[in-house]
Amino acid sequence: MVWNDERIELLKSLWAEGLTTGEIGKQLGVSKNAVVGKAHRLGLKGRPSPIKRTKKPAKPEAPPKQVEPPPSLVDLAAHTCRWPIGDPRDADFHFCGKPALTGKPYCGEHAAIAYVTSGSKSSSREEDAA
DNA sequence: CCCTGATTCGC
DNA sequence: GCGAATCAGG
């Protein structure tokens with residue numbers, strides 16, 4: 001289908017007269033989709049049928065970002081000082097809970113106590129391992 | 001189910 | 001750029 005100036009002019013005329021796309025299409029010998037498509041392409045405004053389209057059904061959109069899940073409770077617990085505070089029999093017994101040293105179950109404060117190299121006699125294991 | 005226009009998508 | 005296909009409201 002070729003849109004000559006005459007056709008376009010006629011289209012605009014009929015469109016301006018208030019004819020529907022179907023009618024214009026019939027008179028021009030084209031389908032209504034061609035008319036509405038051309039009208040939209042020409043920037044003509046359709047006064048009737050204020051149908052507003054909700055969304056774009058056939059448009060898969062890649063998620064812009066992928067938020068990484070927050071640290072799980074167990075992960076947080078893994079980095080929590082597990083130095084016991086109080087008597088286990090007491091109701092208010094609890095663990096230290098402060099941020100633990102990486103790879104260790106205790107925070108710096110309690111790790112110092114836990115791993116204190118008590119003046120052992122022979123070479124300590126830490127020194128050998130290190 | 002018919003009509004309408006609007007938008008998208010393949011050619 | 002074109003228009004059928006699709007969508008969406010009347």
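Note that these values count all heavy atoms, side chains included, but never hydrogens, waters or copies made by symmetry. Because the structure is predicted, anything quoted here is derived from the model rather than measured. Order of the sequence lines sets the chain letters (A, B, ...), proteins ahead of strands, with each chain counted from 1.
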Exercise for the section: Give the minimum heavy-atom separation between A:Ala100 and A:Thr80, together with the two atoms involved. Expected result: CB-C, 3.8 Å
Practice task
Calculate the interatomic distance between A:Asn33 atom CG and B:dC9 atom P; express it in whole Å.
Solution key: 16 Å
Practice task
Return the value, rounded to whole Å, for the distance between atom NE2 of A:His40 and atom P of B:dT4.
Solution key: 18 Å
Fill in the blank from the handout: Of C:dG3, B:dA6, C:dA4, the nucleotide closest to the side chain of A:Val36 is B:dA6
Exercise for the section: Determine: side-chain N/O of A:Thr20 to OP1/OP2 of B:dT4, distance under 4.0 Å, yes or no. Expected result: yes
Exercise for the section: Report the distance from atom CD of A:Glu23 to atom P of B:dC3, rounded to the nearest whole Å. Expected result: 10 Å
Handout entry: Distance, rounded to the nearest Å, where A:Leu11 contributes CG and C:dG3 contributes C1'
Key = 13 Å
Exercise for the section: Give the rounded distance in Å between these two atoms: CG of A:Leu44 and C1' of B:dA6. Expected result: 14 Å
Exercise for the section: Measure from the side-chain N and O atoms of A:Asp90 to the backbone N and O of A:Asp92, and report whether any donor-acceptor pair falls under 3.5 Å. Expected result: no
Exercise for the section: Give the rounded distance in Å between these two atoms: CG of A:Leu42 and C1' of C:dC2. Expected result: 12 Å
Problem - Phosphate contact (C:dG9 OP1 or OP2) by A:Arg53 side-chain N/O below 4.0 Å - result: no
Exercise for the section: Could you tell me whether A:Lys104 sits above the aromatic face of A:Tyr115, with NZ or CZ closer than 6.0 angstrom to the six-membered ring centre and within 45 degrees of the axis? Expected result: yes
Practice task
Could you tell me how the ring of A:Trp83 sits relative to the ring of A:His110: parallel (under 30°), tilted (30 to 60°) or perpendicular (over 60°)?
Solution key: parallel
Handout entry: d(CZ, A:Arg7; P, C:dG1) in whole Å
Key = 19 Å
Exercise for the section: May I have the distance from A:Lys32 (atom NZ) to B:dC3 (atom C1'), rounded to whole angstrom? Expected result: 9 Å
Fill in the blank from the handout: Ranking A:Trp15 and A:Lys26 by the position along DNA chain B of their nearest nucleotide, the one closer to 5' is A:Lys26
Handout entry: C:dC2 OP1/OP2 closer than 4.0 Å to side-chain N/O of A:Lys38
Key = yes
